[in-house]
Amino acid sequence: MTSRVRFAPSPTGFLHVGSARTALFNWLHARSVGGTFVLRIEDTDAERNRSDLTDSLLAELEWLGLDWDEGPYFQSERRDRHREVVEDLLGSGQAYLCDAENREVDGSTMVDGLAVRFRMPAGATMAFDDIVRGEVSFATDDLEDFVIWRSNGSPMFLLANAVDDADMGITQAIRGEDLLSGVPKVLLLLDAMGAPRPTYAHLPLLVNEQRKKLSKRRDDVSIGDYRERGYLPEAMVNYLALLGWGPPDEVEIRPLDEIVDLFRIQDVNKAAAFFDLKKLEHVNATHLRALARDDFIDRVAPWVGDDAPWPPERFDAGLFSVMVDLAQEKLRTLGDVTRFVDFLFLEDPVDDPESWEKAMVKAPLATEMLDGAAAVLADCAWDTASVLAAVAEVGESLGLKLGKAQAPVRVAVTGRTVGPPLFETMAECMERAEVLRRIARARARL
RNA sequence: GCCCCCAUCGUCCAGCGGCCUAGGACGCCUGCCUUUCACGCAGGUAACACGGGUUCGAAUCCCGUUGGGGGUACCA
């Protein structure tokens with residue numbers, strides 16, 4: 001039998017990294033076994049049934065490259081079918097009507113204003129074989145009757161979920177561990193409907209440093225936010241694949257198609273995984289460096305465009321292209337590009353307080369260094385070698401090695417201790433007068 | 001409270017009874033390179049939660065303890 005999996009998010013207006021990981025694992029499984037990846041939007045809730053909430057969800061999935069074969073189906077459009085199943089359950093006595101105080105009300109047909117509750121059988125054990133967790137079982141005696149149809153005339157999640165999985169022929173339900181305890185109820189529903197059970201695979205949760213499930217209140221969980229900060233989709237998806245799974249050859253950073261070849265759902269492990277931003281940055285930086293030069297230029301374009309922190313008219317594509325290779329080598333995210341080159345396009349460099357403290361306040365001889373540099377740079381030849389020699393000479397006369405000597409000049413000119421090679425940048429990208437002006441400006445602040 | 005799940009370096013992953021004096025990656029530290037940072041290279045730091053079994057032999061199997069997490073809605 002060919003495998004059919006689904007990603008069934010509830011639309012909240014954005015794609016959560018935990019959801020993205022679930023979508024990815026479903027997609028990986030489908031692609032690796034040649035199955036079908038179905039997308040279904042679980043919007044039984046009236047508040048969630050809004051197209052603007054699903055649009056961004058779909059856009060982020062596309063950005064990640066997780067294409068679906070069927071759907072999106074909308075649960076809200078299947079209400080009649082859900083109602084039909086509830087009617088059947090009510091008719092067969094497996095469910096009953098109940099009022100707002102949870103009191104059972106006689107009747108075997110649905111009544112407006114009354115909810116429908118599923119009758120929990122006594123003394124039964126609901127057991128199933130989870131692909132990642134193995135045998136899991138629940139005693140029905142620990143469970144209570146549960147609402148499957150709201151008094152406002154809408155189906156509850158568990159009911160809609162069970163009916164849709166059955167109707168859509170889902171063979172594997174791959175999802176987060178937070179849904180594990182809902183399984184016995186879904187199984188009961190499926191059994192009552194006479195529908196086959198899918199096999200389940202409950203993925204370990206993604207947690208924060210407190211080892212709590214990632215939450216949108218506390219944690220940075222929006223895929224869109226990562227996209228906006230300049231993470232590449234291939235890096236995002238690569239990193240996510242590493243949470244709960246690892247390639248057999250221990251090569252962690254690699255293209256998605258290789259992961260598809262290596263991925264096996266039964267290899268997923270059970271323990272919760274910490275979403276480690278440091279590692280994500282490393283994965284991203286590695287993918288960034290691997291990009292072809294032109295591709296890199298295309299990808300950073302949005303960050304140096306209209307939203308950049310400098311006046312658009314001051315941007316100089318020619319100057320920027322001189323910096324491109326250096327930037328690609330050093331950036332961890334695309335968004336870091338502005339900090340790397342902003343001094344070229346801003347009237348005055350941003351004055352990074354930490355850099356100022358380190359290179360100007362705490363460093364000895366900073367004023368002497370600036371004065372000396374101002375003097376020699378005023379009339380040396382304006383090329384890299386000459387500029388370097390000039391600054392080095394001033395440093396030597398003060399007993400400073402080049403590394404120390406260039407620091408105050410770097411901060412005066414670029415605003416930061418970190419940046420591109422200084423002398424090349426000054427000689428090739430900046431006017432002598434501007435360099436001198438910035439040194440004087442810094443000197444005045446000391 | 002009750003139910004369920006989980007437990008190898010700080011973190012992620014490998015290990016599925018002997019190859020383990022436990023491997024890789026991120027992080028951190030040291031050195032080299034060096035015009036800062038980064039990259040690269042060479043090293044280093046650091047873990048099988050605890051207690052019982054089973055077995056000739058356990059990180060690997062079983063039980064318990066402890067710790068952590070999830071669930072427990074007319075949310076999904």
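Here is how names work: the chains are called A, B, and so on, in the same order as the sequence lines, proteins then strands, and each is numbered from 1. Model, not experiment: these values are computed from the prediction.
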For this session: For A:H82, enumerate each residue passing the ring pair (Phe, Tyr, Trp, His ring centres under 6.0 Å) test, keeping only those at least two apart in sequence or located in another chain.
Result: none
Exercise. What ring-ring contact (aromatic ring centres under 6.0 Å, His included) pairs are there with at least one residue in residues 257-290 of chain A, not counting sequence neighbours?
Worked result: A:F25-A:F263, A:Y226-A:F275, A:Y239-A:F275, A:W245-A:F263
Seminar exercise, completed: Contact check, residues 155-168 of chain A vs RNA chain B, heavy-atom distance under 4.0 Å, returns A:M156, A:F157
For this session: Quick one: sort the A:Y200 and A:F128 rings into parallel, tilted or perpendicular, breaks at 30° and 60°.
Result: perpendicular
Problem set entry | N or O in side chain of A:T44 less than 4.0 angstrom from B:A76 OP1/OP2 | yes
Problem set entry | Donor-acceptor under 3.5 Å (A:T22 side chain, A:G18 main chain) | yes
Exercise. Could you give all pairs that pass the ring-ring contact (aromatic ring centres under 6.0 Å, His included) test and reach residues 394-427 of chain A, with sequence neighbours left out?
Worked result: none
Problem set entry | Separation between the P atoms of B:G71 and B:C26, rounded to whole Å | 33 Å
Exercise. ring-ring contact (aromatic ring centres under 6.0 Å, His included): which pairs involve residues 95-127 of chain A, sequence neighbours left out?
Worked result: A:F118-A:F146
Problem set entry | Length of the line joining A:Q266:CD and B:C16:P, which is rounded to integer Å | 16 Å
For this session: Output yes when at least one side-chain N/O atom of A:N269 is less than 4.0 Å from OP1 or OP2 of B:A14, else no.
Result: yes
Seminar exercise, completed: Rounded to whole Å, CD of A:E281 lies from P of B:C12 at a distance of 17 Å
For this session: Taking atom P in both B:G52 and B:C20, compute the distance separating them and give it to the nearest angstrom.
Result: 27 Å
For this session: Taking atom C1' in both B:U21 and B:U30, compute the distance separating them and give it to the nearest angstrom.
Result: 24 Å
Problem set entry | RNA chain B-proximal residues of residues 102-119 of chain A, any heavy atom under 4.0 Å | A:A115, A:R117
Exercise. Please give, in whole Å, the distance from B:C12 C1' to A:L203 CG?
Worked result: 16 Å
Problem set entry | Gap between atoms CZ and P, on A:R21 and B:C12 respectively (whole Å) | 12 Å
For this session: With sequence neighbours excluded, tell me which residues meet side-chain contact (heavy atoms from CB on, under 4.5 Å) with A:D88.
Result: none
For this session: Would you please name every residue forming a salt bridge (Lys or Arg N to Asp or Glu O under 4.0 Å) with A:R299, sequence neighbours left out?
Result: A:E234, A:D295
Problem set entry | A:S137 vs A:G246, nearer the 5' end of RNA chain B by closest nucleotide | A:S137
Exercise. Starting at NZ of A:K185 and ending at P of B:G70, how long is that distance when rounded to a whole Å?
Worked result: 18 Å
For this session: Tell me, please, which residues at least two apart from A:F138 pass ring pair (Phe, Tyr, Trp, His ring centres under 6.0 Å).
Result: none
I'd like a list of close polar pairs between nucleotides 61-69 of chain B and the protein, N/O only, cut-off under 3.5 Å.
unit_1: B:G69; atom_1: OP1; unit_2: A:K212; atom_2: NZ; d: 2.6

For this session: For A:R21 and A:L243, indicate whether the former's side chain and the latter's backbone hold a donor-acceptor pair under 3.5 Å.
Result: yes
Problem set entry | Complement of B:U66, any strand, by Watson-Crick or G-U distances under 3.5 angstrom | B:A7
Problem set entry | Length of the line joining A:F274:CZ and B:A7:C1', which is rounded to integer Å | 18 Å
Exercise answer: donor-acceptor pairs, residues 398-407 of chain A side-chain atoms, under 3.5 Å, sequence neighbours excluded:
unit_1: A:Q406; atom_1: OE1; unit_2: A:R410; atom_2: NE; d: 2.9
unit_1: A:Q406; atom_1: OE1; unit_2: A:R410; atom_2: NH2; d: 3.1
unit_1: A:Q406; atom_1: NE2; unit_2: A:G403; atom_2: O; d: 3.0

For this session: Pick the C1' atom in B:C28 and in B:A73, then give their distance to the nearest Å.
Result: 45 Å
Exercise. In whole angstroms, how far is the P atom of B:U72 from the CE atom of A:M120?
Worked result: 13 Å
For this session: Using a 4.0 Å heavy-atom cut-off, write out nucleotides 25-46 of chain B from 5' to 3' as B (base contacted by protein), S (sugar-phosphate only) or - (no contact).
Result: BSS-------BBBBS-------
Problem set entry | Pairwise C1' distance, B:A22 and B:C32 [rounded to whole Å] | 30 Å
Problem set entry | Residue-phosphate contact under 4.0 Å: A:R133 side-chain N/O, B:A7 OP1/OP2 | no
